[in-house]
Colleague: 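Got a structure for you, written out below as structure tokens; questions coming shortly.
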Protein chains: 2
Amino acid sequence: MRHHGLRLLVMALAVTGALGAATPKDRATYRRPQAIPAPADNAPLPARVALGKMLFFDPRLSGSGWISCASCHNPAFDWTDGLPTALGDGMNRLPRATPTLVNVAYDTIFMWDGRAPTLEAQALGPITAKGEMDQNLDSLVSKLRSIAGYRALFARAYPNEPISGTTVAKAIASFERTLVATESPFDRWLDGDDAAMSDSAQRGFALFKGKAQCATCHEGFNFTDNGFHNIGVKTLPGGKPDIGRYAQRPVKSMKGAFKTPTLRDVALTAPYMHNGAYTTLAEVIDHYDRGGGDADDLDPNMKPLHLTAREKRDLVAFLRSLTGAPRAVTVPQLPQ
Amino acid sequence: MRHHGLRLLVMALAVTGALGAATPKDRATYRRPQAIPAPADNAPLPARVALGKMLFFDPRLSGSGWISCASCHNPAFDWTDGLPTALGDGMNRLPRATPTLVNVAYDTIFMWDGRAPTLEAQALGPITAKGEMDQNLDSLVSKLRSIAGYRALFARAYPNEPISGTTVAKAIASFERTLVATESPFDRWLDGDDAAMSDSAQRGFALFKGKAQCATCHEGFNFTDNGFHNIGVKTLPGGKPDIGRYAQRPVKSMKGAFKTPTLRDVALTAPYMHNGAYTTLAEVIDHYDRGGGDADDLDPNMKPLHLTAREKRDLVAFLRSLTGAPRAVTVPQLPQ
């Protein structure tokens, strides 16, 4: 009898989504996929990943010979830089924040304004941008061709293609696709370990999907709709108004709209927002609680949330539960 | 009989130091020590090494928040940067090259001009130098004290000392002392594996100790006398004459004198000399073969060597045999 009652209770909790267990719907929505997508012409062969990792860590990819992809997408900071906005060549400050690369394999559009349609297309952007790595692509290709170690690695990775901007980008993208989020307390909880998330984090998850409406844009296992929204982030002192996605897609709703970032590992990737306006997750929640400020072209979903202090804490606890286990990243020794 | 003849041959080779086997004297001179020295007040406890590694990789140690020790002492380039001379804050070019940190534990004086007497004293130099990491030490200490993760790590590493410039330096030095050279073909050859070095490299070793007189300054297992010599390296276009050690010790013989660097891993640490004047080891050998140029205060040991082309190749082959096996360096995840 007692056993039967317990089963009923468990079923009731499963149906209502109350504390203690993930529902089948949660699992269907938030479970991480097994496969990592990759383009048909760039299957993630180990030789490509290994080459891409070397290129990613190689400062010779920059004009100065000092800045590598890893200088800003720093594995010590979960593939971002810990700065409000990025620094580039000459250490000049750039207008937008360095996004993490965690789960970039699952993105369907790239850059804060979505100007790159593929990870391969994205990879060459910062390398060649004057204010970022300031590298001339022809010089880079010549340099790589002059290094015997790279010649061998490219030949193994892309035997039917020359060393070129295309193969550099393909290799880097192949490495970046390996940077998938590691298992977090939230994932363990989804998989049936009811104790993996605190009660507060579990309440936070319910708020995330419900009252706080976070899941409207931060949807699915990667917590992004790959869409663009103006959420009313303030322009920082010294910053210029940033039209965001509008530069690529000049419709009113895209003015000041930026790409929805993943929330995987979000506790590790402060500061937050496209311009690093907030230092803590609590400030981010406050921003949404206010309805996002008084921007002209605010996303229609942005409304004051009237969260209690406890609800705000619960949301932060949930966001913290999305932190994956530490990943051991070894630095490649670069060919001379 | 045949066996007896072979033994006699081996003995003869051992006595003459001819090709094929290291002599007892070679082993006494060049075998790597088992122990790593450390100051009495900074024993290399694992908690200190782990903390020091985090600090070493943490760009928050710089004023900009972008430059870490590892930005220039880059593990991807065997703890140097692959540049002729270093870049610092604002990516301004500095006058001297970034030295590798390999075997720095065994050095007895630090910096190209020997201005730091200990590794602990050295560590704070680049952090606080305006042109390098440009950090204010008080700001750094406040920042570190504000990070809960670091508070815990410092408490474990230095339980009886506060977080301070002193403990920052001690921890970084503790990490750096772990960067000992890994086993090279030369070491295997010393240990009796006669085939570990090519004949050319073995001939190069004989030249190194003999005709080429390299071992006069590049002495012992770490291939340095920890001394300072003017070897007549040319001032590069755009560079200024560099008085080197003379700034610390104003005697004539120290004018333009720089510290003898280790040759461990030298094949991995191009370009060469205190100002990166040479790109290849062959150019370095040519420099010494010329007797080092026509500097006024040249070290009296610098004389033309009259090496043949084959002897030069043999010396390069020997230098290449000092390359240690690749070391797996993992990037620490930094506390937020």
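To find a chain, count down the sequence lines: A is the first, B the second, and so on, and within it residues start at 1.
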Colleague: Which atoms of B:L83 come close to chain A, meaning under 4.5 Å heavy atom to heavy atom: side chain ones, backbone ones, both, or neither?
Modeller: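 Only the side chain of B:L83 comes within 4.5 Å of chain A.
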Colleague: Verify the distance criterion only: is there a donor paired with an acceptor across the side chains of A:Y278 and A:D286 at less than 3.5 Å?
Modeller: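 On atom types as modelled, these side chains do not qualify, holding no pair under 3.5 Å.
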Colleague: Between B:Q333 and chain A, with a heavy-atom cut-off of 4.5 Å, which part of the residue counts as in contact: side chain, backbone, both or neither?
Modeller: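 Both the backbone and the side chain of B:Q333 come within 4.5 Å of chain A.
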Colleague: Using non-hydrogen atoms only, which part of A:A267 is less than 4.5 Å away from chain B: side chain, backbone, both, or neither?
Modeller: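 For A:A267, the contact with chain B is made by the backbone alone.
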Colleague: Name the region of B:N92, side chain, backbone, both or neither, that has any atom closer than 4.5 Å to a heavy atom of chain A.
Modeller: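 Neither the backbone nor the side chain of B:N92 comes within 4.5 Å of chain A.
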Colleague: Can you tell me which of B:P332, B:G90, B:A328 forms the most heavy-atom pairs within a distance under 4.5 Å of chain A?
Modeller: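 That would be B:G90.
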Colleague: May I ask you to check whether B:F223 and B:F208 place their ring centres under 6.0 Å from each other?
Modeller: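 Yes, the ring centres sit under 6.0 Å apart.
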Colleague: Would you mind checking which part of A:L268 comes under 4.5 Å of any heavy atom in chain B, side chain (CB onward), backbone (N, CA, C, O), both or neither?
Modeller: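 The answer is both parts of A:L268.
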Colleague: Any donor-acceptor pair under 3.5 Å linking the side-chain atoms of A:D314 with those of A:S200?
Modeller: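 Side chains of A:S200 and A:D314: pair found under 3.5 Å.
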Colleague: Is any side-chain heavy atom of A:L61 closer than 4.5 Å to a side-chain heavy atom of A:L140?
Modeller: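 With C-beta onward as the side chain, the pair touches.
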Colleague: For residues A:N103 and A:T262, is any side-chain donor paired with an opposing acceptor at under 3.5 Å?
Modeller: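 Per modelled atom types, A:N103 and A:T262 side chains form no pair under 3.5 Å.
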